[in-house]
Amino acid sequence: MDSSTNNSDGKVEHSIPNNIRPEAFSEANILHTAFFKSPLVPQSADRNNDDNNATTTTTKKCKPKNERMCMGGHKEVIFGLSFSPDGKYMASASQDSTICIWNTSEHKLVAKLSEGIDQKYEYLRTAWCSPSTISLIDGEQYLLASAGADGIVRLWSATLQEDGEKLTWKSVGKLDHYVFEKNAANGDSDDSATTEKEEAEDRPQIYTLQFIQSRIFPNMNLLMTSTNDTIHIWNVAKDGIESGNRKLLLHLAVQFTNVDDGYQFGGVRNPSNELYVFDASYCEANELLGVALSDGSCRILSLHKYMNDNKPMMQEQCVLRLPPDYFGGKAGHLTALCFDQTGTRLASCIASGRVILWVLQVVNQNGVNVLHPSCVSILDGGEFFY
């Protein structure tokens, strides 16, 4: 690891061994300069012997056995991260059109997933499926979903190799939202021809990706995605036990519309004021779904099923938003949200840099239980504003 000394100006000077890889040194130097306003200084392997007036020598550069300063892997911006349910692995989605699998205890890259991926589109999200008899097939260790700017969700399966230690990953299913929505609009016929440029512009970006364990539908392995103004919930069904493949069957879709006097996202670049889902989160504790939208609102819905059959339905419980002019015309679209473990608190993030904290309570009104939201604080610049 690095060591530090005080130079003649009194500043702390950090140094690292010479045997670190050049690529790792370059990236670590960028981070160090940004934080400490000074570059890293290469350190000779014999620096520890300076007190004995030993001669400084240059050692052969090699990759340290346990180098943690830079793990490598992606060549572009990383947009999504998720841990496996047991915490042993982490998946990252990148602009370089790859999904990387990292071993979190050994701090190293163990797999790079790119089978069938179009290099023109970046990857945005990853999500791991919780292990259960419903979700996994015999011999399967993990099931991972990935999604990106091409509108395609891919499912990846991991099985143990013969040595019982390393994992083998393979693609076991995919769903193309662009094709699905086009077929739905055309009645499953493909009569309207589109150019490659038009298709690239029309392909929806997927910002929401989450596996759902629902008490209402306990025998289904559900996956939530989002495209443009719509939330989709899919049943991840096993398509043949021997092949291990999966197919995604539409379970429920919810399309949203702009609220009155809502924020107009995109300005002149969005003249028709199209609505977009930027994030969504399903809370298993109370079966509530929160959706962050580009009009500045957060919609809270609950999942139910009809009394006479198992068909699903979503019921809107409330709309969380601040007054339209609250932030003086600055960016007001929501970018992210999350529930706490109990489902009684929710945090939503506004593009202008504020985080809004809400409390969700069930109150009885005239004998009917209703969800009552309260804005308890706004976090701005590290401070609380009530």
Side-chain angles (χ1 to χ4, degrees), residues 80-82 125 127 207-216 222 224-226 229-233 252 254-265 275-304 313-366 368-386:
L81 295 169
S82 61
R125 298 290 184 268
Y207 291 109
T208 299
L209 192 67
Q210 180 187 357
F211 280 99
I212 295 173
Q213 298 287 325
S214 171
R215 296 188 303 273
I216 299 175
L222 302 177
M224 179 171 65
T225 65
S226 68
D229 59 358
T230 303
I231 287 289
H232 306 270
I233 296 181
L252 179 67
V254 181
Q255 187 176 22
F256 299 92
T257 57
N258 284 291
V259 296
D260 294 336
D261 300 322
Y263 176 76
Q264 182 169 347
F265 171 73
L275 187 65
Y276 297 95
V277 174
F278 283 140
D279 196 13
S281 178
Y282 186 83
C283 180
E284 296 175 2
N286 53 14
E287 306 281 357
L288 289 180
L289 170 65
V291 183
L293 292 160
S294 60
D295 64 357
S297 69
C298 176
R299 317 290 175 89
I300 305 298
L301 304 95
S302 55
L303 179 62
H304 304 277
M313 61 176 291
M314 278 285 184
Q315 182 178 0
E316 186 171 276
Q317 297 293 327
C318 58
V319 178
L320 310 179
R321 60 183 297 220
L322 295 178
D325 57 349
Y326 191 88
F327 297 118
K330 294 183 179 179
H333 62 280
L334 299 189
T335 57
L337 62 81
C338 66
F339 287 96
D340 72 350
Q341 264 190 326
T342 66
T344 59
R345 293 186 299 174
L346 180 141
S348 59
C349 180
I350 299 179
S352 56
R354 282 89 170 182
V355 175
I356 305 175
L357 299 181
W358 303 86
V359 170
L360 306 177
Q361 294 177 313
V362 177
V363 297
N364 188 283
Q365 293 183 354
N366 300 321
V368 179
N369 289 332
V370 296
L371 190 65
H372 180 73
S374 301
C375 177
V376 294
S377 63
I378 299 175
L379 282 66
D380 185 359
E383 299 179 0
F384 284 95
F385 290 85
Y386 294 94

Peer 1: Is there side-chain contact between Ile300 and Val319, with at least one heavy-atom pair below 4.5 Å?
Peer 2: no
Peer 1: Is any side-chain heavy atom of Met224 closer than 4.5 Å to one of His232?
Peer 2: no
Peer 1: Using a 3.5 Å distance criterion without hydrogens, assess whether the side chain of Asp279 forms a donor-acceptor pair with backbone atoms of Leu337.
Peer 2: yes
Peer 1: Which value, rounded to the nearest 0.5 Å, describes the distance between Thr342 atom OG1 and Asn286 atom CG?
Peer 2: 8.0 Å
Peer 1: For the CG atom of Leu222 and the CD atom of Gln210, what is their distance to the nearest 0.5 Å?
Peer 2: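 The distance works out to 10.5 Å.
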Peer 1: Measure the CG-SG distance between Leu334 and Cys349 for me, rounded to the nearest 0.5 Å.
Peer 2: 8.0 Å
Peer 1: Taking the side chain as C-beta and beyond, is there a heavy-atom pair between Leu252 and Met313 under 4.5 Å?
Peer 2: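 A side-chain contact is absent here, since even the closest heavy-atom pair is not under 4.5 Å.
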Peer 1: Mind jotting down which residue pairs meet the side-chain hydrogen bond (donor to acceptor under 3.5 Å, both in side chains) criterion with at least one end in residues 291-300? Sequence neighbours excluded, please.
Peer 2: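 The answer is Asp295-Ser297, Asp295-Arg299, Ser297-Arg299.
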Peer 1: Could you give me the CA-CA distance, side-chain angles and deciding distance for Asn364 and Val370, then say whether side-chain contact (heavy atoms from CB on, under 4.5 Å) is met?
Peer 2: CA-CA 6 Å; Asn364 188 283; Val370 296; over 6 Å; no
Peer 1: Measuring from Arg125:CZ to Leu209:CG, what's the distance to the nearest 0.5 Å?
Peer 2: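 So the gap between those two atoms works out to 9.0 Å.
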Peer 1: Given side chains that start at C-beta, do those of Val355 and Ile378 come closer than 4.5 Å, heavy atoms only?
Peer 2: no
Peer 1: List for me each residue that meets side-chain hydrogen bond (donor to acceptor under 3.5 Å, both in side chains) alongside Thr335, sequence neighbours excluded, and say none if there are none.
Peer 2: none
Peer 1: Quick one: does Ile233's side chain get under 4.5 Å of Met314's, heavy atoms only?
Peer 2: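 The answer is yes, as the side chains (C-beta and beyond) meet within the 4.5 Å cut-off.
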Peer 1: Does Ser214 use its side chain to pair, donor to acceptor, with the backbone of Ile216 at less than 3.5 Å?
Peer 2: yes
Peer 1: Going by ring pair (Phe, Tyr, Trp, His ring centres under 6.0 Å), name the residues that satisfy it together with Tyr207, two or more places apart in sequence or in a different chain.
Peer 2: Phe278
Peer 1: Walk me through whether Val291 and Ile231 qualify under side-chain contact (heavy atoms from CB on, under 4.5 Å).
Peer 2: CA-CA 8 Å; Val291 183; Ile231 287 289; 4.1 Å; yes
Peer 1: Begin with the C-alpha distance, continue with both residues' side-chain angles, and end with the deciding distance and a verdict on side-chain contact (heavy atoms from CB on, under 4.5 Å) for Trp358 and Val376.
Peer 2: CA-CA 6 Å; Trp358 303 86; Val376 294; over 6 Å; no
Peer 1: Is the shortest side-chain heavy-atom distance between Thr230 and Val277 below 4.5 Å?
Peer 2: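 They are not in contact (no side-chain heavy atoms under 4.5 Å apart), so the answer is no.
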Peer 1: Would you compute the distance between atom CZ of Arg345 and atom OG of Ser374 and round it to the nearest 0.5 angstrom?
Peer 2: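 Here the interatomic distance stands at 13.5 Å.
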Peer 1: Grab the two heavy atoms, one from Arg321 and one from Gly296, that are nearest each other, plus how far apart they are.
Peer 2: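 The answer is CB-O, 4.0 Å.
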Peer 1: Step by step, work out the side-chain contact (heavy atoms from CB on, under 4.5 Å) result for Tyr263 and Ile350.
Peer 2: CA-CA 11 Å; Tyr263 176 76; Ile350 299 179; over 6 Å; no
Peer 1: Pick from Leu360, Leu289, Thr344: which one makes a side chain to side chain contact (heavy atoms under 4.5 Å, CB included) with Phe339?
Peer 2: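 Answer to the side chain to side chain contact (heavy atoms under 4.5 Å, CB included) test with Phe339 among Leu360, Leu289, Thr344: Leu360.
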Peer 1: Mark yes or no for whether Glu284, through its side chain, and Gln213, through its backbone, hold a donor-acceptor pair below 3.5 Å.
Peer 2: yes
Peer 1: Are side-chain heavy atoms of Leu346 and Cys338 found at a separation under 4.5 Å?
Peer 2: no
Peer 1: Taking Thr225's backbone N and O only, do any of them form a donor-acceptor pair with Thr208's side chain (distance below 3.5 Å, no angle check)?
Peer 2: no
Peer 1: How many angstroms lie between CG in Leu303 and SG in Cys283, if you round to the nearest 0.5 Å?
Peer 2: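 Atom-to-atom, Leu303:CG and Cys283:SG are 12.5 Å apart.
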Peer 1: Do Leu379 and Leu357 touch side chain to side chain, with heavy atoms closer than 4.5 Å?
Peer 2: yes
